[in-house]
Amino acid sequence: VAELEHCSRVNDLSFSPDGARLAVGAGTDDMCGLMTKKASMHSMNAVIWSVSAVGTGCRCLGSIAFDNIVHVTAFSPSGALLAVSGETCAIDILYAGGAFENISELPTAAGVLCLAWSPDSALLASGGEDMQVLVWDIVTEEIICQLPKQTDWLCGISFGVDCSLLASCCFESSGVTLYPMEVQ
């Protein structure tokens, strides 16, 4: 249908719940983490696309620049918010109902590689280079749950449909860990 060109390596994708928009996280680091001040040529950004089943209906809505690599983007199930994170040691919460302005920043101890929204969009789980899953209450911007530290970087997390379980996996593991969740 269409080839959506990006000026840097694409690291992650997230469709909005209505399927009308696609968020793309990008950026490169030629020095494998040894470069602390990255140049603008590394295109560390999140790009928002309007997408269509007809290729000519696809267009770039805009780009949000970041100071470091964007590893992950995730639209909330409600479609109202977009979470973006990566090497910045923060999760940026953007309002998807407007011009994707930053409405909140959740600090993290290390780079974030995976994000997952709860089905009701009230909670956001994050994981990554600190080998820890954090569950955030989006309204209070507080960590409500911190799962036991893993043995490697987290590469995937997901809430169960009713939020009674949270699944996680790590890069150097062949298994998935399930955690019971007690959400008030």
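Residue numbers run from 1 in the order of the sequence given. FYI, side chains are in, hydrogens and waters are out, and symmetry mates aren't considered; it's all heavy atoms of this structure.
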Checklist entry - Run the side chain to side chain contact (heavy atoms under 4.5 Å, CB included) check on Thr177 and Leu147 step by step: do they pass? => result CA-CA 11 Å; Thr177 306; Leu147 298 179; over 6 Å; no

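- Counting only N and O atoms by type, the side chains of Thr73 and Asp12 include a donor and acceptor under 3.5 Å apart.
- Smallest separation of non-hydrogen atoms from Phe66 and Asn45: CD1-CA, 4.1 Å.
- Two residues are said to be in side-chain contact when any heavy atoms from C-beta on lie closer than 4.5 Å; Trp153 and Met131 meet this criterion.
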Next on the checklist: Set out, in order, the CA-CA distance, both residues' side-chain angles and the distance that settles side chain to side chain contact (heavy atoms under 4.5 Å, CB included) for Leu13 and Phe15, then state yes or no.
Outcome noted: CA-CA 7 Å; Leu13 311 163; Phe15 271 106; over 6 Å; no

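- The shortest heavy-atom contact between Ala74 and Leu115 is CB-CB, 4.2 Å.
- When all heavy atoms of Cys170 and Gln150 are compared, the closest pair comes out as SG-CB, 3.5 Å.
- Heavy-atom minimum distance, Ile143 versus Leu134: CD1-CD1, 3.9 Å.
- Two residues are said to be in side-chain contact when any heavy atoms from C-beta on lie closer than 4.5 Å; Leu4 and Val47 fail this criterion.
- Considering only heavy atoms from C-beta on, Thr88 stays 4.5 Å or farther from Glu105 through its side chain.
- Atom CD of Glu101 has more than 12 neighbouring heavy atoms from other residues, nucleotides or ligands inside a 6.0 Å radius.
- Using a 4.5 Å heavy-atom cutoff, the side chains of Glu129 and Leu113 are in contact.
- Between Ile48 and Ile64 there is a side-chain heavy-atom pair separated by less than 4.5 Å.
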